[in-house]
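Just so we're on the same page: letters track the sequence lines, and every chain starts at 1.
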There are 2 protein chains.
Amino acid sequence: MPKPAAPEIMLRTLLRQVPYLTETDVGNFTALWQRRVGLGRGDFLIQAGQVEHNLYFVGSGLLRIYYPTQAEEICVGFGYANNLLCSFPSFVANRPSDYCIQALRRCELLALTRADFQQFVESNERFARFWRAELERVLVGRIEREIDLLLPEPERRLDRLLKRSPHIFQLVPKKYIASYLRMTPETLSRLR
Amino acid sequence: MPKPAAPEIMLRTLLRQVPYLTETDVGNFTALWQRRVGLGRGDFLIQAGQVEHNLYFVGSGLLRIYYPTQAEEICVGFGYANNLLCSFPSFVANRPSDYCIQALRRCELLALTRADFQQFVESNERFARFWRAELERVLVGRIEREIDLLLPEPERRLDRLLKRSPHIFQLVPKKYIASYLRMTPETLSRLR
DNA sequence: GCTAACTCTTGATTTCAATCAAGGTTTGCC
DNA sequence: GGCAAACCTTGATTGAAATCAAGAGTTAGC
């Protein structure tokens, strides 16, 4: 296996794929991601009630985003290597998070503050366009995910996830996938 | 009851609330909404398989957005007066819609083509900011809706909708609300 | 205003996923 | 490498919501 590239390199490489961002844009933006965050298994990136002040880039590791209720913890998403991650409603509205984000294994992240991020978006028209496209992409993903959750049959929900994100079955412990699919680990196990 | 204002007036009035849009921005934008669409009860604004070329503004009436499956029609949202409406994934990605949008009663809409819309967003930085803020707002709404759907108890799902959107219980036939809440009309009825 | 279609409610029964329980396996950590 | 904790699977039972069914109430359209 190749040694994973440093997260900064990977972030820069990914941004260079965006055709309308200039090399200067990419350089200026990646320069803002100064803070490195390391997490061990079980550590929290954010707990419910805290305000999310940062956007993160996952260099390596795996995290889960969950909504804690009195009865249970409902898994609503995962953080993978080479993806952005934050408690989004808290980040954009600057209000306490309803969600917890927890490392499921050792993780390495880069962090960028909301203030730096917002200032950059406001000051760079091309980057604003990039962010708009990202928002649209994520929103479309959420809308598709809504269908997954509305299907009454556990089997159809599983089918859709298998089609859309087969890789998570290799990465993520089944019990979290079960929660994400709104079923018990037993039900998921029996469907396989 | 006051006679409802013409949809153009209402659209203009709403946009004027946005502090960073100038009067000229508002005027230029509303001028693009030329086409009026009238629908009768049961008519379709779009059917699954068609590509959504328009963004709509609902002047009056009520519509449902649903995902048709072989077994059933799953309701994923509603269109109300004074709101924007479209089959979003189809509209932004220019691909066939997975959804149908149907009038539940007589409706009056304004339409704007994707081309006109995109061109305006690209050409007006203030408006691009407005659209970005809209995307963030809608995305946060979707994320909250996801929790609603993940709650295993029908009662808790109903509770959350009652808190978030009590008005829909006055506007929308219960059977569609039941589908939206992932339960049968019988279950919804018994919970009340 | 009348009629027909649609809607909502209530009751009886069935079904399927949750729960409870236990054994075997894998993973993480010292 | 070995131990402990976490994880996955399988089986038996339970329970809550779906389904089936019927009747009352409401709405839309002529």
OP1 or OP2 of [N] less than 4.0 angstrom from a side-chain nitrogen or oxygen of [X], does that happen here?
{"X": "A/K174", "N": "D/dC7", "result": "no"}
{"X": "A/T187", "N": "C/dA18", "result": "yes"}
{"X": "B/T184", "N": "D/dT19", "result": "no"}

How many whole angstroms separate atom [atom1] of [X] from atom [atom2] of [N]?
{"X": "B/Y176", "N": "C/dC6", "atom1": "OH", "atom2": "P", "result": "9 Å"}
{"X": "A/E155", "N": "C/dA17", "atom1": "CD", "atom2": "P", "result": "9 Å"}
{"X": "B/R157", "N": "D/dA17", "atom1": "CZ", "atom2": "C1'", "result": "10 Å"}
{"X": "B/R105", "N": "D/dA28", "atom1": "CZ", "atom2": "P", "result": "6 Å"}
{"X": "A/I177", "N": "D/dC8", "atom1": "CD1", "atom2": "C1'", "result": "12 Å"}
{"X": "A/R156", "N": "C/dC16", "atom1": "CZ", "atom2": "P", "result": "14 Å"}
{"X": "A/E186", "N": "D/dC7", "atom1": "CD", "atom2": "C1'", "result": "12 Å"}
{"X": "B/L158", "N": "D/dA16", "atom1": "CG", "atom2": "P", "result": "18 Å"}

(message) Taking donor-acceptor contacts at under 3.5 Å, does the side chain of A/E153 reach the base of C/dC16?
(response)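 A donor-acceptor contact between them is absent.
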
(message) When you measure only distances, ignoring hydrogens and angles, does the side chain of A/R190 come within 3.5 Å of the base of D/dG11 through a donor and an acceptor?
(response) yes

If you count the non-hydrogen atoms of other residues, nucleotides and ligands that lie under 6.0 Å from [atom1] in [X], is the total more than 12?
{"X": "B/E122", "atom1": "CD", "result": "yes"}
{"X": "A/E144", "atom1": "CD", "result": "yes"}
{"X": "B/R106", "atom1": "CZ", "result": "no"}

(message) Quick check for you: among D/dC7, C/dT7, D/dT9, whose closest atom lies nearest to any side-chain atom of B/K175?
(response)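 So the nucleotide nearest the side chain must be C/dT7.
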
(request) Determine the contact category for B/P152: base if any of its heavy atoms lies under 4.0 Å from a base atom, sugar-phosphate if only primed atoms, P, OP1 or OP2 are that close, otherwise nothing. (result)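 Touches nothing.
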
(request) Could you tell me if the ring centre of B/H53 sits under 6.0 Å from that of B/F91? (result) no

(message) Is the terminal nitrogen or CZ of A/R145 (NZ for Lys, CZ for Arg) located under 6.0 angstrom from the six-membered ring centre of A/Y180 and within 45° of that ring's axis?
(response) yes

(request) Tell me which of B/R41 and B/P154 sits closer to the 5' end of DNA chain D, going by the nucleotide each one is nearest to. (result)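 First, find each residue's nearest nucleotide; the 5'-ward one identifies B/P154.
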
